[in-house]
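Heads up, the thing below is written out as structure tokens.
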Amino acid sequence: MTWDTIVVGGGPAGSAAAALLARGGWRTLIIDRAHFPRRKPCAECINPAGVAALRRLGVLDRVMDAGPARLDGWRIVSDAGPSFLGRFSGGVHGIALPRETLDAILLDHARDAGAQVRTGIKVTDLPRDEDGRVRGVIAGGEEIAGRIVIGADGLRSIILRRLGLLARAPRLRKLALTAHVRGLPDMRGCGQMRARGRRCVGIAEVGGGLANVTVVVPGEQAHEVGGHADAYFDAALRECGFADAQRVDDVLATGPFDCPVRGAVADGALLVGDAAGYYDPFTGQGIYRALRGAELAAETVGAALRAGDTSAAALMPYERARRRAFGPGERLQHVVEAFVSRPRLLGWAARRLDRRPQLGDAIIHATGDVRPVRSLLRPSLIAQIIV
Ligand SMILES: Cc1cc2nc3c(=O)[nH]c(=O)nc-3n(C[C@H](O)[C@H](O)[C@H](O)COP(=O)(O)OP(=O)(O)OC[C@H]3O[C@@H](n4cnc5c(N)ncnc54)[C@H](O)[C@@H]3O)c2cc1C
């Protein structure tokens with residue numbers, strides 16, 4: 001049989017896209033190389049816009065039943081000492097829960113919506129027609145036919161590479177070490193980002209008495225981790241002053257932190273989530289973009305299938321919608337990275353933002369995708385930056 005859509009990857013992007021397409025009546029298959037529930041290196045915070053996307057998808061109640069922690073804002077602590085707190089307001093907040101739980105819920109939701117799910121099978125290639133159009137996937141050594149392939153296979157996407165859409169090799173060479181920890185002090189509903197030199201430690205409660213701790217090591221220090229990720233992580237915890245904290249699982253390591261793409265559509269295929277381009281996850285927008293990107297993709301894919309035209313030209317509305325939706329946020333991420341990678345600049349900014357809470361809140365709302373990035377350009381805020 002020929003599937004209407006084959007979704008490669010059952011993370012947030014793939015599961016959300018598959019749920020929406022299956023609900024629209026399209027024969028949808030998800031293939032993931034992992035067996036669920038599975039862990040995924042991530043700081044596990046969903047920003048307020050991500051929470052709203054889960055509500056639109058009809059899965060928020062199930063996620064809330066899993067007991068996530070509530071996230072009311074972020075405290076950024078610079079190496080030099082100064083820190084600032086940015087808080088969400090207006091009745092919005094984020095949540096945090098283990099990806100093991102979140103992703104399994106999302107995959108079940110796609111299954112319940114009518115998608116078929118095959119796990120433990122790796123997609124290795126994209127067969128093509130004579131005219132170059134993708135006509136399905138090779139998975140577990142077999143060809144599976146599909147009218148449109150959705151590449152939702154994450155940071156090291158094979159679909160992105162097979163489509164030839166990778167713009168260049170990664171440059172933002174950082175290593176992230178992440179694990180769950182018990183016994184941290186009460187975080188009072190806020191996540192923390194602590195800079196130490198160019199290293200950064202993110203801490204967020206994820207429910208059930210656990211916290212996610214993610215240590216981001218700059219590329220030039222990555223050799224210090226060597227093959228001893230657990231020991232390096234535990235030492236970083238102690239340096240943060242968490243002598244009573246206990247790590248409850250193995251440390252997961254991942255990197256690099258950028259994956260620039262030339263585009264997100266091709267004849268018979270498109271990319272969504274991290275596979276469609278990726279830059280430093282510091283601002284915690286990845287899950288929102290995976291879910292929102294899935295909504296945009298499902299709209300265009302549904303229209304293309306109805307029209308019987310799955311060419312790159314027919315899928316271009318998705319590419320344009322992505323640029324409009326995520327372009328400003330990506331530019332803001334580059335600005336944030338410029339501060340995070342320069343400890344003195346971060347210290348200067350933290351001191352200023354501590355004295356101007358309105359400005360800190362505005363930044364948190366923009367990175368939380370609650371307000372558009374252009375809201376930071378309000379004259380009253382610019383005056384606070386300058387004066
Ligand atoms: C250190 C770190 C911290 C982060 N913290 C946050 C945060 O706090 N908040 C936030 O919003 N975002 C965060 N992110 C980003 C976030 O994790 C991603 O943006 C998000 O997971 C993207 O979802 P996705 O569905 O595109 O990909 P993924 O969640 O990576 O899912 C991809 C799926 O594809 C499957 N797959 C891969 N290759 C194949 C193949 N060949 N065949 C079949 N299946 C395949 C994988 O098994 C996986 O299940 C962080 C990222 C990192 C690295």
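Along the sequence shown, residues carry numbers from 1. Whatever order the structure lists ligands and atoms in, that order sets their numbers, starting from 1.
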Which donor-acceptor pairs under 3.5 Å do the side chains of residues 111-123 make with protein atoms, sequence neighbours left out?
{"from": "Arg111", "atom 1": "NH1", "to": "Asp108", "atom 2": "OD1", "distance (Å)": "2.6"}
{"from": "Asp112", "atom 1": "OD2", "to": "Arg62", "atom 2": "NH1", "distance (Å)": "3.1"}
{"from": "Asp112", "atom 1": "OD2", "to": "Arg62", "atom 2": "NH2", "distance (Å)": "3.1"}

Report each N/O pair between ligand 1 and the protein that falls under 3.5 Å, naming both atoms.
{"from": "ligand 1", "atom 1": "5 (N)", "to": "Ala43", "atom 2": "N", "distance (Å)": "2.9"}
{"from": "ligand 1", "atom 1": "8 (O)", "to": "Glu44", "atom 2": "N", "distance (Å)": "3.4"}
{"from": "ligand 1", "atom 1": "8 (O)", "to": "Cys45", "atom 2": "N", "distance (Å)": "3.2"}
{"from": "ligand 1", "atom 1": "9 (N)", "to": "Cys45", "atom 2": "O", "distance (Å)": "2.7"}
{"from": "ligand 1", "atom 1": "11 (O)", "to": "Cys45", "atom 2": "O", "distance (Å)": "3.4"}
{"from": "ligand 1", "atom 1": "11 (O)", "to": "Gly284", "atom 2": "O", "distance (Å)": "3.3"}
{"from": "ligand 1", "atom 1": "11 (O)", "to": "Gly286", "atom 2": "N", "distance (Å)": "3.2"}
{"from": "ligand 1", "atom 1": "11 (O)", "to": "Ile287", "atom 2": "N", "distance (Å)": "2.7"}
{"from": "ligand 1", "atom 1": "12 (N)", "to": "Gly286", "atom 2": "N", "distance (Å)": "3.4"}
{"from": "ligand 1", "atom 1": "17 (O)", "to": "Lys40", "atom 2": "NZ", "distance (Å)": "3.4"}
{"from": "ligand 1", "atom 1": "17 (O)", "to": "Arg99", "atom 2": "NH1", "distance (Å)": "3.2"}
{"from": "ligand 1", "atom 1": "19 (O)", "to": "Asp274", "atom 2": "OD1", "distance (Å)": "2.7"}
{"from": "ligand 1", "atom 1": "19 (O)", "to": "Asp274", "atom 2": "OD2", "distance (Å)": "3.3"}
{"from": "ligand 1", "atom 1": "21 (O)", "to": "Arg99", "atom 2": "NH1", "distance (Å)": "2.9"}
{"from": "ligand 1", "atom 1": "21 (O)", "to": "Arg99", "atom 2": "NH2", "distance (Å)": "3.0"}
{"from": "ligand 1", "atom 1": "25 (O)", "to": "Pro12", "atom 2": "N", "distance (Å)": "3.2"}
{"from": "ligand 1", "atom 1": "25 (O)", "to": "Ala13", "atom 2": "N", "distance (Å)": "3.0"}
{"from": "ligand 1", "atom 1": "26 (O)", "to": "Asp274", "atom 2": "N", "distance (Å)": "2.9"}
{"from": "ligand 1", "atom 1": "29 (O)", "to": "Arg99", "atom 2": "NH2", "distance (Å)": "2.8"}
{"from": "ligand 1", "atom 1": "41 (N)", "to": "Val123", "atom 2": "O", "distance (Å)": "3.0"}
{"from": "ligand 1", "atom 1": "42 (N)", "to": "Val123", "atom 2": "N", "distance (Å)": "2.9"}
{"from": "ligand 1", "atom 1": "44 (N)", "to": "Arg33", "atom 2": "N", "distance (Å)": "3.0"}
{"from": "ligand 1", "atom 1": "47 (O)", "to": "Asp32", "atom 2": "OD1", "distance (Å)": "2.7"}
{"from": "ligand 1", "atom 1": "49 (O)", "to": "Asp32", "atom 2": "OD1", "distance (Å)": "3.3"}
{"from": "ligand 1", "atom 1": "49 (O)", "to": "Asp32", "atom 2": "OD2", "distance (Å)": "2.6"}
{"from": "ligand 1", "atom 1": "49 (O)", "to": "Arg38", "atom 2": "NE", "distance (Å)": "3.1"}
{"from": "ligand 1", "atom 1": "49 (O)", "to": "Arg38", "atom 2": "NH2", "distance (Å)": "2.9"}

For residues 266-278, tabulate all N or O donor-acceptor pairs below 3.5 Å that involve a side-chain atom, not counting sequence neighbours.
{"from": "Asp267", "atom 1": "OD1", "to": "Ala312", "atom 2": "N", "distance (Å)": "2.6"}

#### Entry: Partner set under salt bridge (charged side-chain N to carboxylate O under 4.0 Å, His left out) for Arg56, not counting sequence neighbours
Glu295
Flag for [Y]-[X]: side-chain donor and acceptor within less than 3.5 Å:
X	Y	result
Thr283	Thr367	no
His93	Arg87	no
Ser83	Arg75	yes

